[in-house]
Amino acid sequence: MAEAAGVLGCHPSYVRRLCHTGTIPAQRITGGWVIEADALDDYRYRSTDGKPGPAPTP
């Protein structure tokens with residue numbers, strides 16, 4: 001959660017809430033969550049209307 005929160009620039013509890021609601025696809029494992037980097041990018045670059053936003057720049 002802390003690493004994902006750092007990427008998104010938010011609090012870890014917010015990332016946890018996004019995972020619980022399915023907004024960010026993640027898998028719950030013993031002791032934590034697994035979130036794919038692509039899932040974070042998809043969320044990060046999504047526009048406010050829920051559609052994909054601009055592609056990330058390398």
Side-chain angles (χ1 to χ4, degrees):
M1 289 298 145
E3 188 177 346
V7 169
L8 296 177
C10 61
H11 197 272
S13 62
Y14 181 67
V15 178
R16 192 172 295 110
R17 208 170 341 151
L18 293 172
C19 293
H20 277 288
T21 61
T23 304
I24 293 178
Q27 274 192 312
R28 180 94 167 127
I29 59 165
T30 305
W33 290 86
V34 175
I35 306 170
E36 297 290 328
D38 289 343
L40 285 180
D41 284 342
D42 289 346
Y43 176 78
R44 192 173 177 194
Y45 296 106
R46 186 180 304 162
S47 65
T48 56
D49 61 3
K51 297 179 182 170
T57 54

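Nothing here was measured: the structure is a model prediction, and the numbers come from that model.
For the residue pair Ala2 and Pro12, the shortest heavy atom distance occurs at CA-CG, 4.1 Å. Nearest heavy atom pair, residue Leu18 against residue Thr21, reads O-OG1, 3.2 Å.
Legend: side chain to side chain donor-acceptor pair (under 3.5 Å) pairs involving residues 24-33, not counting sequence neighbours: none detected. The side chain to side chain donor-acceptor pair (under 3.5 Å) contacts involving residues 2-15 comprise His11-Ser13, Tyr14-Tyr43, where partners must be two or more places apart or lie in separate chains.
Qualifying side chain to side chain donor-acceptor pair (under 3.5 Å) partners for His20, counting only residues two or more places apart in sequence or in other chains: none.
Here the straight-line distance linking atom CD1 of Ile35 with atom CG of Leu8 works out to 8.0 Å at 0.5 Å rounding. In this structure, CD1 in Ile24 is found 10.5 Å from CG in Asp41, a value given to the nearest 0.5 Å.
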